[in-house]
Amino acid sequence: MADNESATASTTDQEASKSTETKRWADVAEEEQDVAEASSTEPKLDSLAIDDSRLGHSTLTDPDDSSIEAVTSGDTPYTSAKRFEDLNLSPELLKGLYVEMKFEKPSKIQAISLPMILTPPNKNLIAQAHNGSGKTTCFVLGMLSRVDPKLTAPQALCICPTRELAIQNMEVLLKMGKFTGITSELAIPADPANYIPIQKRPPITAQVIIGTPGTICKWMLAKKLGMSQMKILVFDEADHMLAESGFRDDSVKIMKAIAKANFSCQVLLFSATFDDAVKAFVSKIVEEIFVRDYNQMFVKKEELSLESVKQYKVHCPDELSKIMVIKDRILELGEKVGQTIIFVRSRNSAAMLHKSLVSLGYEVTTIQGALKQEDRDKIIKEFKEGLTQVLISTDLLARGFDQKQVNLVVNFDLPVRYDRPTEPDYEVYLHRVGRAGRFGRKGAVFNLLCDDRDDLIMGKIEKYFNAQIAEVAPWNSEKEFEVALENAGLL
DNA sequence: AAAAAAC
């Protein structure tokens with residue numbers, strides 16, 4: 001997550017100095033990216049030390065900042081980690097944190113979650129934290145510190161919803177674990193050119209595996225991925241991985257195989273979104289398979305929207321004018337403020353929008369799951385290197401994708417539930433918004449609406465997050481878009 | 001509808 005840091009320093013410093021209003025979790029983000037200024041925003045976490053005199057559930061909330069709530073189960077005492085030295089990490093891992101990641105001390109969510117992850121009996125954990133607050137660094141650190149470097153066998157497994165996210169997480173692991181000598185392997189579909197069937201490969205000996213469910217299952221069923229030494233299993237975007245029908249079966253299959261081979265394996269569920277029903281459902285699955293209690297870390301949904309990202313709605317008279325808004329406003333203004341991701345509902349509308357913009361002479365790239373692996377990799381690489389400015393995407397990139405220069409997100413189509421098209425998909429909405437404003441940076445989101453249904457959906461989203469979404473009107477006013485970006489702190 | 005995956 002913290003790669004390319006030096007390349008982005010100029011924009012971020014400027015942004016950091018501009019923010020004067022009340023900041024909550026954004027403080028944490030600045031600690032992660034700007035160690036020099038971190039000392040002034042020392043998080044007050046003493047109150048998070050668990051009161052072990054009480055049995056059963058104890059709830060701990062920081063009086064100064066209630067945005068993150070830790071709930072522990074049982075009587076294991078935990079003390080929040082003020083320094084990485086408090087966590088019994090190896091010197092090699094500490095070096096990775098300080099030298100490679102340029103961390104100075106644990107971020108807030110690390111301070112709360114790492115003691116729960118690392119303290120025996122290494123209970124399971126369901127952890128929710130804001131988009132762009134450093135969940136990845138949390139569970140990567142968790143995996144690296146629980147692996148025994150001397151044992152040549154898979155000991156940590158991380159399951160992600162897309163191959164892009166798996167690759168991104170692996171990059172963080174390699175960086176943080178640079179000096180540890182811990183080995184790792186990506187379990188994602190290879191591009192056909194250098195594809196070796198798993199049956200023809202030797203058993204996996206890498207200590208950390210990060211991948212997507214299908215490939216992991218395939219390796220597992222081929223008996224090439226041993227689970228008997230597995231110490232820690234991480235679900236990134238866990239609500240999605242365990243509640244979404246297409247993912248759930250594979251996820252459960254993997255969990256059961258691990259429980260069978262090594263019952264003491266620890267399970268971590270990480271996401272920015274855990275809808276109450278999903279939370280209950282997901283924790284029940286894990287509890288039933290591993291027959292064990294778990295700790296929790298949560299954020300209230302009202303406090304989940306990113307304060308640093310301004311959200312807008314734009315009423316467009318028809319579909320064509322949505323394309324005009326993109327062309328005349330977003331692309332023109334977007335160029336001045338950073339990179340842009342435009343989210344669409346389907347692969348088809350992605351292709352349609354791509355065609356329209358290209359035929360109008362604009363340079364955009366488009367990513368969706370039907371592309372060849374190598375094309376996907378190329379498009380992501382170009383975007384991450386800043387060679388492309390505007391990326392059209394399906395919800396492939398809605399979750400987890402981390403590119404700090406993305407300041408603008410456009411919802412060309414609002415996210416809706418597939419079975420009930422008048423019902424917003426609140427989680428996807430929040431995740432899309434979270435692609436802008438990484439680590440407390442400024443950002444703006446434009447929701448393009450063009451009929452009553454869109455209005456209805458937008459209204460529901462505002463109500464759900466208890467957020468006011470300002471209107472940019474009229475839709476074709478250059479001035480109003482400029483004002484919007486100014487108010488977002490981007491111009 | 002989209003995401004993963006497939007021999």
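To find a chain, count down the sequence lines: A is the first, B the second, and so on, and within it residues start at 1.
- Atom C1' of nucleotide B:dA1 and atom CZ of A:R432 are separated by 11 Å, given to the nearest angstrom.
- Taking the six-membered ring for Trp and the full ring otherwise, A:F446 and A:F481 have centroids separated by under 6.0 Å.
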Margin query: Does the protein touch nucleotides 2-7 of chain B at the base, only the backbone, or not at all? Give it as B, S and - per nucleotide, heavy atoms under 4.0 Å.
Written below: BBBSSS

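- Listed by first and then second residue, the side-chain hydrogen bond (donor to acceptor under 3.5 Å, both in side chains) pairs involving residues 350-359 of chain A are A:H354-A:T366 (not counting sequence neighbours).
- Protein atom CD1 of A:I457 is 14 Å distant from nucleotide atom C1' of B:dA1, rounded to whole Å.
- Note on A:E319 versus A:K322: salt bridge recorded, some NZ/NE/NH1/NH2 to OD/OE distance being below 4.0 Å.
- Nearest approach of A:N262 to A:Q229, heavy atoms of both residues: ND2-C, 4.0 Å.
- Nearest heavy atom pair, residue A:L396 against residue A:T162, reads O-CG2, 3.6 Å.
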